[in-house]
Student: 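Just passing along the structure, written as structure tokens.
Counting starts at 1 for both ligands and their atoms, in listed order.
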Amino acid sequence: MSESRNLKIVGRSTSPGLVIGPAFVYHDRPDKLSPPRAIGRNQVEEELSDIERAVRIVRGDLKISAQRIEAQTGPKLAAIFDAHEEMLQDPSLRREIRDEVEGTLIDASQALARVFLRWEEKFRATGEEILKDRADDLIDLQGRLLREIAGVKTTALEKMPPGRVLVASRLFPSDTVALPRRGVLGIILEFGGPGSHAALLARALGIPTVALIPNATERIADAQEVIVDAFAGEVILSPDAATRSQYEESIRMAQEESLQARHLSMEPVRTTDGKEVAVMANVGCGEDITVAVENGADGIGLYRIEQFYLARNTPPSVAELLTELRGALAPFHGKMITIRLLDLGADKPVPFVQFPSEDDPFLGRRGVRLLLQYPDLLDVQLKALLELAREHDVHILVPMVTLAGDMERVRRRLREIADAAGISRLPPLGAMIETPAAALCVAELIPHSDFFSIGTNDLTQFTMAAGRENPLVNDYFLEDHPAVLRLVRIVLDEAGQTPVSVCGELAADLKSIPSLLKLGLRSLSVAPPLAPAVKEAIRRASSG
Ligand code: PEP
Ligand code: MG
């Protein structure tokens, strides 16, 4: 399995950094099932007890995940694992598995696979997105159970020992939730572009990641030593002593630089020709905010509030949302805080909205399109944010804007709610520029927008016609492609006096920063661990 010493494989960096460590190879899908094995009637109980044992172990795994996530992000995300556990306990599922073993006299794995397949098809056939998601959950669960039954000792992700480099084919959003956040040294993936959830998470956690390493899970053995050079976008397998010490020296230097950059990042930053640039943080949970403070972020440029909604069975009330935000934002009192309205859609469903299924959810009813059709959802957020604006410098950001009418309608509603509450001064309301239409016609948005924030992740996927999560078109998802930069330029040129920021991942792309500054950009919002390096890059660049 393992290849010769010092083998260098070039991939693509999706989160910068440099580490050396032993690999932890994660196989996310079960191996192919062996052919069905007929059993005698006297073996039925034995097969069923295999299934029961697997269920017990998997439930234990799910509990570990839930506890870990609860400690890291609070109780809400942990509910995903409770839901998985509930599924496992469903008496009709258990009964069907028993009937399958007894009725067809086949082995436990086959019976389980057949029943899960039927359930999966049943869920998918409803066409309801939320049930389709449950179908994906079933695949996950089935994989776990089958591995346990087969005695395959691929350790589940949540049991990954600390201090390892995770090697996986790709990471699904549910995998990233299970990742032990602090203990992962680095990540090597076969797939996963820079706009994928996995890349965003790795950057938010500051984990060096190199993607697009073909067959990594087969070429790298568990515990094999690997170097993840996510500055250069390459990995080196089994380094010899000389290579190792050369990289150890580079790591030492990088650590020194990063310590210095962190120290300096507490100060405001200027370009070599004296232009001040704000470096804000993209945050999504309480832990991100702590890291943002530690890394000297000048404010919050993008607060993704989806996590308050995902994994809840009912939408939060105004008071609940307000309490959550108040608690989370306390460390940023006195600084600019940009909170994005909920960016949900068929790709990110919540249990309390029955989304009709859509063939192309990314091109469907997402963000503001959805909010305008669920006014109660919108009103709760606007009310909570108006209240919060009494205490904080709140800016409200509207996701997935395409038409001027999107902004006009949100503003009208904000005004009505403010009037009813006797609030005369509205907090600034801004548009995310993440569709080519919004970028090309930014002038039409000016009358309804107090600021703009360019979301280059979605802007890239729509401009390059390459899905963020689609590993097959990673080569086309180029956030610094001239087509994307040209749209950024148009926005900066045509926004007039309306302030513009970039909050997509392009803002943290160190090699693109000089050109962004030359285009006139003076505000960037990045994953919190990257703020010091971004400030350092600005300090070395000129705006002219
Ligand atoms: C973007 O699209 O660039 C963005 C910042 O939003 P998200 O990644 O949450 O879609
Ligand atoms: Mg977006």
Side-chain angles (χ1 to χ4, degrees), residues 14-15 173 176 192-205 279-285 288 292 297 299-310 337-350 360-371 381 395-402 406 430-439 442 451-470 477-481 483-485 487-488 491 500-509 512 516 521 523-528 530-531 534:
T14 56
S15 174
T176 56
S196 64
H197 282 108
L200 261 60
L201 184 99
R203 278 191 290 262
L205 299 178
V279 178
M280 323 275 278
N282 293 346
V283 298
C285 69
D288 290 343
I300 293 177
L302 172 65
Y303 195 139
R304 296 179 169 105
I305 62 167
E306 288 73 38
Q307 60 133 352
F308 293 145
Y309 285 75
L310 296 167
I337 292 166
T338 312
I339 300 176
R340 181 176 69 183
L341 298 176
L342 203 52
D343 186 8
L344 291 182
D347 65 311
K348 274 188 230 145
V350 282
D360 296 307
F362 273 124
L363 299 179
R365 201 172 49 163
R366 259 189 63 191
V368 66
R369 303 171 179 186
L370 183 107
L371 293 176
Q381 295 168 66
H395 288 50
I396 303 176
L397 186 56
V398 183
M400 268 301 276
V401 171
T402 325
D406 294 335
M432 281 217 47
I433 307 295
E434 50 185 348
T435 64
V442 74
F451 66 98
F452 295 125
S453 185
I454 307 179
T456 50
N457 308 337
D458 278 310
L459 189 60
T460 303
Q461 82 165 340
F462 297 134
T463 304
M464 304 304 293
R468 296 168 66 164
E469 301 290 341
N470 185 347
F477 188 96
L478 300 169
E479 54 193 351
D480 58 351
H481 188 277
V484 179
L485 293 178
L487 288 173
V488 172
V491 176
V500 178
S501 178
V502 169
C503 65
E505 297 301 314
L506 179 66
D509 180 26
S512 297
L516 291 174
L521 195 72
S523 169
L524 304 167
S525 191
V526 303
L530 302 182
V534 167

Student: Of the backbone atoms (N, CA, C, O) and the side-chain heavy atoms from C-beta on, which set of R304 has a member under 4.0 Å from an atom of ligand 1: side chain, backbone, both, or neither?
Tutor: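 Contact part for R304 vs ligand 1: side chain (C-beta onward).
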Student: Answer yes when R468 and D458 have at least one side-chain N-carboxylate O distance shorter than 4.0 Å, and no when they do not.
Tutor: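 Salt bridge present between R468 and D458.
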Student: Could you grab the distance from atom CZ of F477 to atom CG of N457, nearest 0.5 Å is fine?
Tutor: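 Separation between the atoms: 5.5 Å.
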Student: Please report the shortest heavy-atom distance between V484 and L478, naming the atom on each side.
Tutor: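 Looks like CG2-O, 3.8 Å.
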Student: Could you tell me whether D458 approaches ligand 1 through its side chain, its backbone, both or neither, with non-hydrogen atoms closer than 4.0 Å?
Tutor: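 Both backbone and side chain of D458 come within 4.0 Å of ligand 1.
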Student: Please lay out, stage by stage, how L485 and L506 fare under the test side chain to side chain contact (heavy atoms under 4.5 Å, CB included).
Tutor: CA-CA 10 Å; L485 293 178; L506 179 66; 3.9 Å; yes
Student: Provide the protein N, O or S atoms situated under 2.8 Å from the Mg ion (ligand 2); waters are not included.
Tutor: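 Only E434 OE1, D458 OD2 fall inside 2.8 Å of the Mg ion (ligand 2).
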Student: Are the side chain of R203 and the backbone N or O of T14 linked by a donor-acceptor pair below 3.5 Å?
Tutor: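 Yes, the answer is positive, given that a donor and an acceptor are paired below the 3.5 Å cut-off.
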Student: Is there a side chain to side chain contact (heavy atoms under 4.5 Å, CB included) between L342 and E306? Walk through the geometry before answering.
Tutor: CA-CA 6 Å; L342 203 52; E306 288 73 38; 4.1 Å; yes
Student: Does M432 have a heavy atom less than 4.0 Å from any atom of ligand 1?
Tutor: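 It does, in that a heavy atom of M432 comes within the 4.0 Å cut-off of ligand 1.
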Student: Decide side chain to side chain contact (heavy atoms under 4.5 Å, CB included) for C503 and M280; before the verdict, give the C-alpha distance in whole Å, the side-chain angles of both, and the deciding distance to 0.1 Å.
Tutor: CA-CA 9 Å; C503 65; M280 323 275 278; over 6 Å; no
Student: I need the atoms of ligand 1 closer than 4.0 Å to a non-hydrogen atom of C503, numbered in the order shown.
Tutor: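 Selected atoms, number and element: 5 (C).
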Student: Pick one of side chain, backbone, both or neither for how R340 approaches ligand 1, counting any non-hydrogen atom pair under 4.0 Å.
Tutor: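 The side chain, only.
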Student: Could you state the interatomic distance from CG (D480) to OG (S512), rounded to the nearest 0.5 Å?
Tutor: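 One finds 4.5 Å between CG of D480 and OG of S512.
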Student: Is there a heavy atom of R468 sitting under 4.0 angstrom from any atom of ligand 1?
Tutor: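 Yes, that is the case, since the closest heavy atom of the residue is under 4.0 Å from the ligand.
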Student: Can you give me the closest heavy-atom contact between M400 and M432, atom names plus distance?
Tutor: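 Heavy atoms only, the tightest pair is N-CB, 4.3 Å.
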Student: Which is it for L302 and ligand 1 at heavy atoms under 4.0 Å: side chain, backbone, both or neither?
Tutor: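 For L302, the contact with ligand 1 is made by the side chain alone.
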